[in-house]
Amino acid sequence: MLSKDKYSACAEFSPEALKKVIRGAHPEDSVVSIGTHAIGGGVLGVIAGPCAVENEKQIIAIAKTVKAAGASFLRGGAFKLRTNPYSFQGIGSKGIKLLAAAKKETGLPLVSEITEIRQFEYFDGIDIIQVGARNMQNFSLLKELGKCGKPVLLKRGLASTVTELLMAAEYIMDGGNVNVILCERGLRTFETFSRSTLDIAAVPWLKQRTHLPVIVDPSHAAGDASLIPAVAKAAVAAGADGLMIEVHNDPEHALCDGEQSLTPDAFSALMIALKKYAELEGKRL
Ligand code: PEP
Ligand code: MN
(Lines give C-alpha, C1' and ligand atoms only; values in the text may rest on other atoms or scores of the structure.)
(Ligands and ions follow the chains in the order given, each with its own letter.)
Protein backbone atom coordinates (compact mmCIF):
# COMPACT_ATOMS: atom_id res chain seq x y z
CA MET A 1 0.00 0.00 0.00
CA LEU A 2 1.27 3.49 -0.83
CA SER A 3 1.70 5.69 2.23
CA LYS A 4 0.44 9.24 2.24
CA ASP A 5 3.13 11.69 1.14
CA LYS A 6 3.65 13.88 4.19
CA TYR A 7 6.09 16.12 2.31
CA SER A 8 3.89 16.93 -0.70
CA ALA A 9 2.88 20.36 0.58
CA CYS A 10 6.25 21.38 1.99
CA ALA A 11 6.75 24.63 0.08
CA GLU A 12 7.46 26.15 3.50
CA PHE A 13 10.77 25.38 5.13
CA SER A 14 10.54 22.44 7.47
CA PRO A 15 13.59 20.66 8.89
CA GLU A 16 11.78 17.29 8.73
CA ALA A 17 11.51 17.51 4.94
CA LEU A 18 15.24 18.11 4.63
CA LYS A 19 17.20 15.35 6.29
CA LYS A 20 20.70 15.84 4.87
CA VAL A 21 21.08 19.52 3.99
CA ILE A 22 19.98 20.94 7.33
CA ARG A 23 22.53 22.21 9.82
CA GLY A 24 21.58 19.64 12.40
CA ALA A 25 22.69 16.84 10.07
CA HIS A 26 26.27 18.17 10.04
CA PRO A 27 27.04 20.70 12.78
CA GLU A 28 30.27 21.89 11.14
CA ASP A 29 30.20 23.97 7.94
CA SER A 30 30.74 21.66 4.99
CA VAL A 31 33.76 22.46 2.85
CA VAL A 32 34.11 21.47 -0.78
CA SER A 33 37.74 21.11 -1.70
CA ILE A 34 39.70 20.12 -4.76
CA GLY A 35 43.33 19.61 -3.79
CA THR A 36 44.43 22.78 -2.02
CA HIS A 37 41.50 24.82 -3.37
CA ALA A 38 38.40 25.14 -1.23
CA ILE A 39 34.99 26.76 -0.91
CA GLY A 40 33.66 27.15 2.62
CA GLY A 41 35.11 26.63 6.08
CA GLY A 42 36.80 30.02 6.29
CA VAL A 43 37.97 30.08 2.68
CA LEU A 44 36.31 32.46 0.25
CA GLY A 45 36.41 30.47 -2.98
CA VAL A 46 36.45 32.59 -6.10
CA ILE A 47 35.38 30.93 -9.36
CA ALA A 48 36.17 33.12 -12.36
CA GLY A 49 36.21 32.80 -16.11
CA PRO A 50 34.18 33.42 -19.22
CA CYS A 51 30.50 32.67 -19.61
CA ALA A 52 31.43 30.35 -22.47
CA VAL A 53 34.60 28.69 -23.69
CA GLU A 54 35.11 30.08 -27.20
CA ASN A 55 38.55 28.92 -28.37
CA GLU A 56 41.92 27.84 -26.99
CA LYS A 57 43.55 31.27 -27.08
CA GLN A 58 40.63 32.84 -25.22
CA ILE A 59 40.34 30.30 -22.41
CA ILE A 60 44.08 30.01 -21.80
CA ALA A 61 44.50 33.80 -21.70
CA ILE A 62 41.59 34.20 -19.28
CA ALA A 63 42.75 31.28 -17.11
CA LYS A 64 46.18 32.87 -16.73
CA THR A 65 44.79 36.28 -15.81
CA VAL A 66 42.26 35.03 -13.27
CA LYS A 67 44.91 32.83 -11.70
CA ALA A 68 47.35 35.75 -11.46
CA ALA A 69 44.59 37.81 -9.80
CA GLY A 70 44.07 35.11 -7.16
CA ALA A 71 41.00 33.17 -8.33
CA SER A 72 40.95 29.59 -7.10
CA PHE A 73 38.73 27.96 -9.75
CA LEU A 74 38.27 28.48 -13.50
CA ARG A 75 34.75 28.50 -14.91
CA GLY A 76 33.67 28.19 -18.54
CA GLY A 77 30.50 26.96 -20.17
CA ALA A 78 30.94 24.35 -22.89
CA PHE A 79 27.30 23.26 -23.11
CA LYS A 80 25.17 26.38 -22.84
CA LEU A 81 21.46 26.71 -22.08
CA ARG A 82 20.37 29.77 -24.04
CA THR A 83 16.96 31.40 -23.97
CA ASN A 84 17.08 32.09 -27.72
CA PRO A 85 17.71 29.03 -29.92
CA TYR A 86 19.69 31.19 -32.37
CA SER A 87 22.12 32.44 -29.69
CA PHE A 88 25.58 30.88 -29.41
CA GLN A 89 25.02 27.44 -27.89
CA GLY A 90 28.57 26.69 -26.73
CA ILE A 91 31.22 24.52 -28.37
CA GLY A 92 30.29 21.38 -26.46
CA SER A 93 32.81 18.65 -25.70
CA LYS A 94 35.56 20.60 -27.47
CA GLY A 95 35.11 23.26 -24.79
CA ILE A 96 35.67 20.68 -22.07
CA LYS A 97 38.95 19.67 -23.76
CA LEU A 98 40.06 23.29 -23.91
CA LEU A 99 39.25 23.72 -20.22
CA ALA A 100 41.49 20.74 -19.49
CA ALA A 101 44.29 22.45 -21.43
CA ALA A 102 43.75 25.61 -19.34
CA LYS A 103 43.97 23.54 -16.16
CA LYS A 104 47.21 21.99 -17.37
CA GLU A 105 48.60 25.46 -17.93
CA THR A 106 47.45 27.05 -14.65
CA GLY A 107 46.60 24.27 -12.19
CA LEU A 108 43.18 25.83 -11.58
CA PRO A 109 40.40 23.30 -10.88
CA LEU A 110 37.51 23.50 -13.33
CA VAL A 111 33.81 24.34 -13.04
CA SER A 112 31.52 23.73 -16.01
CA GLU A 113 27.78 23.29 -16.54
CA ILE A 114 26.13 20.03 -17.51
CA THR A 115 22.78 20.48 -19.25
CA GLU A 116 21.77 16.84 -19.59
CA ILE A 117 23.08 13.68 -17.99
CA ARG A 118 24.18 12.02 -21.24
CA GLN A 119 26.95 14.67 -21.40
CA PHE A 120 28.49 13.16 -18.26
CA GLU A 121 30.95 11.07 -20.29
CA TYR A 122 32.71 14.33 -21.24
CA PHE A 123 33.05 15.59 -17.65
CA ASP A 124 35.93 13.38 -16.49
CA GLY A 125 38.35 16.29 -16.32
CA ILE A 126 35.85 18.72 -14.75
CA ASP A 127 36.26 19.11 -10.99
CA ILE A 128 32.91 20.70 -10.09
CA ILE A 129 29.79 20.13 -12.16
CA GLN A 130 27.45 23.10 -12.39
CA VAL A 131 23.67 22.77 -12.56
CA GLY A 132 22.29 25.96 -14.06
CA ALA A 133 19.31 27.95 -12.82
CA ARG A 134 17.12 26.56 -15.61
CA ASN A 135 17.83 23.01 -14.46
CA MET A 136 17.51 23.44 -10.68
CA GLN A 137 14.42 21.26 -10.62
CA ASN A 138 15.51 18.77 -13.28
CA PHE A 139 15.07 15.99 -10.76
CA SER A 140 16.32 13.15 -12.95
CA LEU A 141 19.55 15.13 -13.54
CA LEU A 142 19.85 15.86 -9.79
CA LYS A 143 19.37 12.18 -8.93
CA GLU A 144 22.10 11.13 -11.38
CA LEU A 145 24.45 13.78 -10.00
CA GLY A 146 23.80 12.39 -6.55
CA LYS A 147 25.63 9.27 -7.70
CA CYS A 148 28.30 10.90 -9.89
CA GLY A 149 31.12 11.18 -7.35
CA LYS A 150 31.92 14.80 -8.19
CA PRO A 151 31.07 18.03 -6.34
CA VAL A 152 28.02 19.83 -7.70
CA LEU A 153 27.43 23.59 -7.87
CA LEU A 154 23.66 24.05 -7.77
CA LYS A 155 22.31 27.41 -8.92
CA ARG A 156 19.00 28.73 -7.64
CA GLY A 157 16.23 28.79 -10.24
CA LEU A 158 15.02 32.13 -11.56
CA ALA A 159 11.66 31.65 -9.85
CA SER A 160 12.52 29.17 -7.11
CA THR A 161 12.22 29.70 -3.38
CA VAL A 162 15.16 29.08 -1.09
CA THR A 163 13.29 26.08 0.32
CA GLU A 164 12.98 24.64 -3.18
CA LEU A 165 16.73 25.21 -3.62
CA LEU A 166 17.38 23.24 -0.43
CA MET A 167 15.07 20.46 -1.59
CA ALA A 168 16.90 20.28 -4.92
CA ALA A 169 20.18 19.97 -2.99
CA GLU A 170 18.57 17.26 -0.87
CA TYR A 171 17.96 15.25 -4.07
CA ILE A 172 21.70 15.32 -4.79
CA MET A 173 22.69 14.51 -1.21
CA ASP A 174 20.12 11.74 -0.96
CA GLY A 175 22.02 9.95 -3.76
CA GLY A 176 25.10 9.89 -1.52
CA ASN A 177 26.87 13.01 -2.78
CA VAL A 178 27.91 15.20 0.15
CA ASN A 179 29.74 17.78 -1.97
CA VAL A 180 27.10 20.32 -2.90
CA ILE A 181 27.57 24.08 -3.19
CA LEU A 182 24.52 26.38 -3.34
CA CYS A 183 24.55 29.48 -5.53
CA GLU A 184 22.30 32.54 -5.26
CA ARG A 185 22.24 34.18 -8.70
CA GLY A 186 19.24 36.49 -8.66
CA LEU A 187 15.55 36.11 -9.33
CA ARG A 188 13.05 37.15 -11.97
CA THR A 189 11.13 40.16 -10.62
CA PHE A 190 9.29 43.19 -12.04
CA GLU A 191 12.55 45.15 -11.90
CA THR A 192 14.29 45.63 -15.24
CA PHE A 193 17.38 47.73 -14.44
CA SER A 194 19.25 44.55 -13.57
CA ARG A 195 19.17 41.20 -15.32
CA SER A 196 17.93 39.51 -12.13
CA THR A 197 17.22 40.77 -8.62
CA LEU A 198 19.85 39.43 -6.24
CA ASP A 199 18.23 38.04 -3.10
CA ILE A 200 21.03 39.01 -0.73
CA ALA A 201 19.11 38.01 2.40
CA ALA A 202 18.97 34.48 1.04
CA VAL A 203 22.66 34.14 1.91
CA PRO A 204 22.35 34.52 5.71
CA TRP A 205 18.98 32.69 5.62
CA LEU A 206 20.60 29.69 3.95
CA LYS A 207 23.69 29.85 6.16
CA GLN A 208 21.45 29.66 9.23
CA ARG A 209 19.72 26.53 7.98
CA THR A 210 22.22 24.51 6.00
CA HIS A 211 25.80 23.37 6.50
CA LEU A 212 26.43 23.53 2.73
CA PRO A 213 28.65 26.29 1.32
CA VAL A 214 26.68 29.19 -0.16
CA ILE A 215 28.15 31.29 -2.94
CA VAL A 216 26.87 34.27 -4.93
CA ASP A 217 27.01 34.92 -8.66
CA PRO A 218 26.90 38.72 -9.01
CA SER A 219 27.39 38.52 -12.79
CA HIS A 220 24.09 36.87 -13.74
CA ALA A 221 22.29 38.86 -11.05
CA ALA A 222 23.43 42.35 -12.02
CA GLY A 223 23.98 41.66 -15.71
CA ASP A 224 26.14 44.78 -15.94
CA ALA A 225 29.90 44.78 -15.39
CA SER A 226 29.86 48.21 -13.71
CA LEU A 227 27.67 46.85 -10.89
CA ILE A 228 29.63 43.66 -10.20
CA PRO A 229 32.32 44.95 -7.78
CA ALA A 230 29.79 46.48 -5.36
CA VAL A 231 27.50 43.45 -5.51
CA ALA A 232 30.42 41.06 -4.99
CA LYS A 233 31.51 42.98 -1.88
CA ALA A 234 27.94 42.94 -0.56
CA ALA A 235 27.83 39.16 -1.02
CA VAL A 236 30.99 38.69 1.03
CA ALA A 237 29.65 41.03 3.73
CA ALA A 238 26.43 38.96 3.79
CA GLY A 239 28.45 35.85 4.63
CA ALA A 240 28.89 34.14 1.27
CA ASP A 241 31.49 31.36 1.15
CA GLY A 242 32.48 32.24 -2.37
CA LEU A 243 31.75 34.08 -5.59
CA MET A 244 31.34 33.11 -9.21
CA ILE A 245 32.34 35.98 -11.49
CA GLU A 246 32.41 36.18 -15.28
CA VAL A 247 35.66 37.52 -16.72
CA HIS A 248 36.53 37.95 -20.40
CA ASN A 249 39.73 39.14 -22.06
CA ASP A 250 37.67 40.99 -24.70
CA PRO A 251 34.17 41.57 -23.31
CA GLU A 252 33.04 43.62 -26.31
CA HIS A 253 33.50 40.65 -28.60
CA ALA A 254 32.45 37.91 -26.19
CA LEU A 255 30.10 35.36 -27.74
CA CYS A 256 28.05 35.25 -24.55
CA ASP A 257 27.37 37.68 -21.66
CA GLY A 258 30.04 40.22 -22.62
CA GLU A 259 28.10 43.10 -21.04
CA GLN A 260 28.37 41.53 -17.60
CA SER A 261 31.95 40.28 -17.94
CA LEU A 262 34.76 42.00 -16.07
CA THR A 263 37.95 42.81 -17.91
CA PRO A 264 41.09 41.18 -16.45
CA ASP A 265 42.10 44.57 -14.96
CA ALA A 266 38.71 45.12 -13.33
CA PHE A 267 38.80 41.58 -11.93
CA SER A 268 42.30 42.06 -10.49
CA ALA A 269 41.22 45.31 -8.82
CA LEU A 270 38.16 43.59 -7.38
CA MET A 271 40.24 40.73 -5.97
CA ILE A 272 42.47 43.22 -4.14
CA ALA A 273 39.41 44.94 -2.65
CA LEU A 274 37.77 41.63 -1.74
CA LYS A 275 40.72 40.59 0.39
CA LYS A 276 39.77 43.22 2.98
CA TYR A 277 36.10 42.25 2.91
CA ALA A 278 37.00 38.60 3.36
CA GLU A 279 39.25 39.44 6.33
CA LEU A 280 36.44 41.38 8.01
CA GLU A 281 34.34 38.21 7.76
CA GLY A 282 37.15 36.07 9.18
CA LYS A 283 37.81 34.43 5.82
CA ARG A 284 40.80 34.18 3.53
CA LEU A 285 40.89 34.20 -0.24
C1 PEP B 1 26.10 30.43 -16.12
O2 PEP B 1 26.61 30.39 -14.99
O3 PEP B 1 26.77 30.46 -17.16
C4 PEP B 1 24.64 30.48 -16.27
C5 PEP B 1 24.06 30.19 -17.41
O6 PEP B 1 24.01 30.87 -15.16
P7 PEP B 1 22.48 30.66 -14.72
O8 PEP B 1 22.19 29.20 -14.87
O9 PEP B 1 22.50 31.12 -13.31
O10 PEP B 1 21.64 31.51 -15.61
MN1 MN C 1 26.81 33.72 -18.45
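First listed ligand is number 1; within each ligand, the first listed atom is number 1.
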Shortest heavy-atom approach to atom 2 (O) of ligand 1 - which of R195, R75, E246: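 Among R195, R75, E246, the closest heavy atom to atom 2 (O) of ligand 1 belongs to R75.
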Same apolar cluster: V247 and I272, side chain cutoff 4.5 Å: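 Each belongs to a different hydrophobic cluster.
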Nearest to [atom], what protein heavy atom do you find, and at what distance?
| atom | value |
| --- | --- |
| atom 5 (C) of ligand 1 | E113 OE1, 3.8 Å |
| atom 4 (C) of ligand 1 | H220 NE2, 3.5 Å |
| atom 6 (O) of ligand 1 | K155 NZ, 2.9 Å |

Salt bridge or not for [X] and [Y], using N-O below 4.0 Å?
| X | Y | answer |
| --- | --- | --- |
| D257 | K80 | no |
| D174 | K147 | no |
| E113 | R75 | no |
| D241 | K207 | yes |

Of all N/O/S atoms in E246, the name of the one nearest the Mn ion (ligand 2):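 Going through the N, O and S atoms of E246 one by one, OE2 ends up nearest to the Mn ion (ligand 2).
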Which atom of D257 approaches the Mn ion (ligand 2) most closely (N/O/S):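 This turns out to be OD2.
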N or O contact, [X] vs ligand 1, cut-off under 3.5 Å:
| X | value |
| --- | --- |
| Q130 | yes |
| A133 | yes |
| D217 | no |

Presence of N, O or S from C51 under 2.8 Å of the Mn ion (ligand 2):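 So C51 does bind the Mn ion (ligand 2) by this criterion.
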side-chain contact (heavy atoms from CB on, under 4.5 Å) between M167 and V21, intermediate numbers included: CA-CA 8 Å; M167 287 195 268; V21 305; over 6 Å; no
Proximal atoms of ligand 1 relative to R185 (non-hydrogen, under 4.0 Å):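 Listed by number with element, the hits are 7 (P), 9 (O), 10 (O).
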Atoms in ligand 1 flagged as close to G132, the criterion being non-hydrogen separation under 4.0 Å: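 Listed by number with element: 8 (O).
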Pair D224, S226: side-chain N/O donor-acceptor within cut-off below 3.5 Å: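 A pair is found: one side chain offers a donor N or O, the other an acceptor, under 3.5 Å apart.
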Geometric class of the F123/F79 ring pair [parallel <30°, tilted 30-60°, perpendicular >60°]: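 Parallel: the ring planes of F79 and F123 meet at under 30°.
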